[in-house]
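Numbered from 1 within each chain, the chains take letters A, B, ... in sequence-line order.
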Amino acid sequence: MIKNKILEKSIWALWLGLLALPFMGKKAGILAIAILLVILLLPLLNGLIARFGISVSRLNFLSSSANWLKTNKKMALLILFSFAAILPLFMNRYFVDVAVLCGIYIVLALGLNVIVGLTGLLALGYIAFYAVGAYCYALLWTHYHINFWLALPIGTALAGVFGVLLGSPVLRLRGDYLAIVTLGFGEITRIVLNNWDELTRGPNGILGIARPSIGDFIIKQPIHYYYLILAFVVLTIFITTRLEHSRIGRAWVAIREDEVAAAACGVNVTLMKLLAFATGAAFAGLGGVFFAGKMIFVSPESFTFMESVMVLCMVVLGGMGSIPGVILGAIALIILPEALRQFQFYRLLMFGGAMALMMIIRPQGLIPSQRRKMELEEENG
Amino acid sequence: MMLEVKSVSKSFGGLKALDAIDLSIHNKKIVGLIGPNGAGKTTLFNCITGMNPPTTGRIIFKGSIDLVGKRPDEIARLGMARTFQNIRLFSDMTALENVMVGRHCRSKTGLVGAIIRSKATVIEEMKIVKKGVELLKFVELMDYANELAKNLPYGLQRRLEIARALATEPVLLFLDEPAAGMNPQEIFDLMQLIRMIRDRGITVILIEHHMKVVMGICEMIVVLNYGIKIAEGSADEIKNNPKVIEAYLGKEE
Amino acid sequence: MPALYLDIVGKKRGVNNNIILKLEDVKTSYGRIEALKGISLFLRKREIVTLIGANGAGKTTTLMTICGIVKNSGGHILFDGEDIKEASPQKLVRRGISQVPEGRRIFPRLSVIENLEMGAFIRNDRAGIRSDLERVYSLFPILRERRKQKGGTLSGGEQQMLAIGRALMARPRLLLLDEPSLGLAPMLVEQIFRIIEEIKQGEVTILLVEQNAKKALSCADRGYVLENGLITLEDTASRLLENEKVKASYLGA
Amino acid sequence: MFLQQLINGLTVGSVYALIAIGYTMVYGILEFINFAHGEIYMLGAYLGIIAIGLLTAMGLGNSSAFLLLAFAFIFAMVFCAFYGVTIERLAYRPLRRAPRLAPLLSALGVSIFLQNFVMVTQGTRNKVFPQLFAQNGFDLGNAKITYIQIMILVTSILLMVGLTLFVNKTKMGKAMRATSQDQKMAYLVGIDVNRVISVTFLIGSALGAAAGVMVALYYGLVNFHIGYTAGLKAFTAAVLGGIGNIPGAMLGGIILGLVESLGAGYLSSEYKDAYAFIILVLLLIFRPQGILGERLKERS
Amino acid sequence: MKKSLIILCAFLIGGLISNCQQKKENLTKIGVCAPLTGDQAKMGNDILNGVKLAVEEWNTKGGILGQRIEIATGDDRHDPKEAISVAHKMVNEGVIGVIGHFNSSCSIPASFVYHDASIPQISPASTNPQLTSQGFKNVFRTCGRDDQQGSIGAEFVINELRKKRIAVLHDKTTYGQGLADEFKKNIGKSNRASIVAYEGIVQGSGDYKAVLTKLKSRRPEVVYFGGVYPEGGLLVKQMRELGMKAIFVSGDGVIDPEFLRIAGDAALGTFLSFGPSVKEIPHARHFIESYEEKYGEIGPYSVYAYDAANILLSSIQSAGSTDGEKISEAIHNIRHEGALGTIQFNANGDVLVAPYIFWVVKKIKTEDGKEKLNFVPYT
């Protein structure tokens, strides 16, 4: 029995080596041996991890603190927030800059989470709204000298309007078709940005956007941006949480769970979907305006299909519909490639492999969504 | 007169699923809709509740409102609710939340209200929870309020679906095979529940295969076969109607 | 000849060679819903046994459990005296169990002849397939006429014939028929049942699930009445036909 | 000019069609978008070059161009077929019952992985396909059609006819169609669905590889990121024709090629990529099932 | 599952920390930022190799200011936001100067970061005029500017080739379109030639027959292309396949041995603007030999990167300090004899003379008597 398993694993390793042969030449042999070693030693490693895991779980302060976190949610949030607030003081600017990027993507991912995670509409062209926000500020500044703070609501609203415009013709499509059409819209947006030279200056992009400022203080250093984006992240979390636990959020989730039943409960499905699209798009617009203010330069290269895919990955990897999950997903997907930077060439190779592996091990995401339990004592009394 | 169905027909492709159905439903009654599989019962429900509008014919609600062409959510708001043959709960929401979704069309908090959580919103939300709790108690599901709908036992899921439908404050309630898959005790409880719903002033129309249920609680029974109404009347009348017996047991050689 | 051969094999194994299929206290659940609550039944070779009961009683589940699409959570299913609990649907088809599923499920975009060929997927004997094709055509002449047509364009009755023909193409020893009369006009129902009796003349054992109890019982040898996942009655078909309880289980007490 | 654009469009379109078939076949059976399929095409293009390099290294570089090419095709198609099957086995099969988006992401992961695998092992430089045929061709009035174009058209047609015959005439082909129409019933008649899925990936990937070799030959240039755009286009073509529908994918590919060619020729070539998507969006809004497709069942 | 989460987090944080820790060893670090992975990875690696060569030479000579030189690489994947990230990382790792980035769309946003940290930045390849027009004292480039090259191209077409009907193509990138626009502008200034077509193509799409067929119907005598060699090669090849006989003229982005391989004989007679023949510059011969020995074929920007690195290192040497402002000042004052010839910078940080000449593709006899395509200076 055990022999059979080893044989099977050897065959797999050999097979994979054979497949790599045309590309790797003689090195394929080494690969085959490496794969064999890894899959043979994996059970051993698993055992080690399990033992390590047990010893970790024996540290009961961990489990008790987990319990404490569950019961003192507000306190936990406060601690988390203060941690986030003092974090950059101990980090260098590269780290802070990466953190700022994380912040932007958290906003984007939470916005997409409204569309994909809560309402269950698969959108693949989400980055178009981000582009709308970024170009909105870039153009408003270069043409009319409208400052960051004024551009912020305008860009957000404009992206929301775009969401509705895009949403209204396509919302009657379902599932994969909706995904494909939004993908098409996303690509069209990018192509238009790249080609409408008169307005967007095409591939040259728009340079010389003003940095945001408060009074005379110009936001310039990564750490300044960090606190600004932290504020936006908190705002986004606040709004999405409130929405999720409101009548509207319930309607969204109901549509995700069962559109027909939701309609039968009196939910205006089209309206609610449009609202979800608009809300999600608005957050992307917010992120976009910030992005323009941070880069002080926008060009179509920042709004490729791959970006949409990355944001979607954050949502799915983190756990669809789960706000903490999505945040963790965004952080992981920004930090992972950065952490792998030392591997240079291999970093995307590892990233791709890790993504596939992660889905196989944990298809429901890092922190799957959980519904809120209600305290019903007072109503009972 | 609560609801009048006037020569409603529905075809799918070439197949006539409903053929010129006429039906009148009176206030505060329990009406049974029976017939063999594929007789067109659920199709009729779908026509009335706007899920799948009829090909021809009119459906008049409360004597004046024509339902044909209205969206399901509009119809729900007018006061009609339904359950589904193959239970369509929001499975990843808690039982209480399921019922709260039912309150959607009776509340009106908007985007801004939800975000700033104004006083009106808080009050409305409290009312929604209160109503939800009241309905969960009504269907005796209070112990499961925080359970995810998908984790409830089958029979309770059926009851939850009824509670959710009731949350929309209907005057007319459509139940599609509410007793399917239930054990005798559950069926007995269900019959009690349906009577209680009727006593709240709600007219109930149900599709059911459990004849015990239909014969036991329905004040009026309508029989469909091959998309045609073949009989209408009280339980006893139906039981002895040769057309009905033939439809169910088949013709003898 | 095959029958004789089987008899010898059966004797060697020391089982009651006359029984082809035996269910012992089989339980099946979908998630938390227990659809079969422990049913036992048996089929003798070349018998037609019918399983009747109201909607949702668990008839289809029984068939799905036998052919391995749904796994039973308790009890034993013995085919030729061997437990087939772990066998995959493909294996069971190879061993001689074919099903005509509810709703016919013909492949809509394959032509009639291709549908029939798919029925013989597990077989490799070209000559045998060809002769069986002829047999099916002689059984259902209309299929020969329509052999180039796409399955989805056939009428309901023709689809039903195709579904039966397809199942026969696997040369089954046990044929599971699920609601062959469903949704068919009365004349076609007659025809289908005539054909079932014709098939019976061959080597095939048939388990027939029907809602149309009278029709089913009039062509079966024995029958079981299923109610809420339990077998409540079992007798020869002719005696069941006379039994008032059967009517009750359909139309309520 | 119109004739020339027609020829250009048909050539590109037939390549799109070959890749699109892989998307459509997988969607037909598994109902998921195999985003890694574009990379299979890229791998095929590389393998074609590697195959010819191999022959040259063995001193057979001077044999007839057709022989070299035939070897390149077979080499690439066989290996890519294995890649496709292996990817399905390792990255998709474990996710058959997972939430809907999981296999999609897994496919994206595989796609990133493959792209970078090729980059790491083959270097970042473009690979140049040796020129096996002269660049000239026939004059058709004002237009020119090169030998390579003729070869691409003929090969694609042969492959598509071959596939059509396979799907319509063989037992496995019919089983594939049956499985895509009703998977549960396929089980019930004894079809080994897992094997059918493997064969689907095998064939789709082999066709993708053939497209890769042809493109490498046509442009003479290959790099590790050609799979992305080609994949997106081919996928568009598959949807255009009606996803899940094999003749639809062929038609969609040809139409897409023609639209791009004529759009770039008569409108503006900057927006070449946009034409495909504009057509796609319009089509999906007005005829969601695609040109030849039938309405898909709703997934729950 | 929690375990795996913890492990994942630990891994992430660990990786990041190990990534950004500052090494305070006896080292001088210079940064190389370019797309090292992704679809423009080839160009990025050409640049990296050029710098590596220069650094190795310096190190064998004993390093700089008594310290060994080390290269810190930054992969921007030609994504502007990654460029900023990478720039911060460079600042963080304490690099003294940066060679990069490749794309103008990365060089420009990154330049803000380098400017803030007053680290000198020398781009070997970003030709967009905007880069050096921001008033930053620390930004330089060893390559020419689109406007310089474009005007030389226009002059060449009008005065040397004396052609009248001219079609312009570009690849819709900052570089390509910039070049094409400058060319077009300069043609427009003259009344001796006219633009018969002006079109953008999609980079990486491979098939340009559609747009070329359109061009063919306008009967141009010259096709000028703003873009890089893969598209250039495909364009000229497909032009010949369509039976177009127009002369193909393009810029430095197309000068790459791969251009010849892609286009084959179709490349014959193509004119390309580029720096003067490196073979005639003494420093260049040495560069070519050692580069080809170490890294194989020279890419179009390898030499620009090599010179940029040398300029940076010499300036550090002459400034005698690792202070960014002093180094920038030294670069402004430098007169560097490199593989590109003499390089001096103007106040903006652009090269004083952009020594563009035209090259033509010809068949030359190699030592073993075979004929081979190659670039030959046009006289």
If you round to the nearest 0.5 Å, how far is CE of B:M100 from SG of A:C265? 13.0 Å
Should A:M272 and B:H104 count as side-chain neighbours, where that means a heavy-atom distance under 4.5 Å? yes
Side chains of A:I248 and B:L111, heavy atoms from C-beta outward: is any pair under 4.5 Å? yes
Rounded at 0.5 Å granularity, tell me how far OG in A:S246 sits from CZ in B:R117. 8.0 Å
Carefully, step by step, assess B:K150 and A:E257 under the rule salt bridge (charged side-chain N to carboxylate O under 4.0 Å, His left out). CA-CA 11 Å; B:K150 66 177 174 194; A:E257 297 291 312; over 6 Å; no
Search all heavy atoms of A:G266 against all heavy atoms of B:R77 and return the closest pair with its distance. O-NH2, 3.1 Å
Under a 3.5 Å cutoff, is there a donor and acceptor pairing between the side chains of A:R247 and B:T109? no
Does any backbone or side-chain atom of B:L78 lie under 4.5 Å from a heavy atom of chain A? Answer side chain, backbone, both or neither. neither
How many angstroms lie between CZ in A:R256 and OG in B:S91, if you round to the nearest 0.5 Å? 8.5 Å
Distance in Å, B:I87 CD1 paired with A:D258 CG, rounded so as to fall on 0.5 Å steps: 12.0 Å
Determine the option with the most heavy-atom pairs under 4.5 angstrom with chain A, choosing from B:K108, B:E161, B:E134. B:K108
Which answer fits B:E74, side chain, backbone, both or neither, if we ask what part of it has an atom under 4.5 Å from a heavy atom of chain A? neither
At their closest point, which heavy atom of A:A263 faces which heavy atom of B:A76, and how far apart are they? O-CB, 4.2 Å
Are there more than 12 heavy atoms of other residues, nucleotides or ligands under 6.0 Å from atom CZ of A:F148? yes
I'd like to verify something: which residue of B:D92, B:V101, B:I128 has the highest number of heavy-atom pairs under 4.5 Å with chain A? B:D92
Please flag which part of A:T241 lies under 4.5 Å from any non-hydrogen atom of chain B: side chain, backbone, both or neither. neither
So which residue, B:A114, B:G110, B:S107, B:G113, ends up with the most heavy-atom pairs under 4.5 Å with chain A? B:S107
How would you list, in number order, the residues of residues 168-176 of chain B that have a heavy atom less than 4.5 Å from chain A? B:T168
If you count the non-hydrogen atoms of other residues, nucleotides and ligands that lie under 6.0 Å from CZ in A:F162, is the total more than 12? no
Residue B:R195 excluded, over 12 heavy atoms near CZ under 6.0 Å: yes
Shortest non-hydrogen contact between B:I115 and A:F238, atoms and distance: O-CE2, 3.8 Å
Per-residue contacts, residues 42-56 of chain B versus chain A, heavy atoms under 4.5 Å: B:M51
Any Lys/Arg nitrogen of A:E259 or B:R88 sitting under 4.0 Å from an Asp/Glu carboxylate oxygen of the other? no
If you look at every heavy atom in A:A264 and B:F84, which pair is closest and at what distance? CB-CZ, 3.8 Å
Result of checking A:N268, A:V269, A:V267, A:T270 against B:D73 for side chain to side chain contact (heavy atoms under 4.5 Å, CB included): A:N268
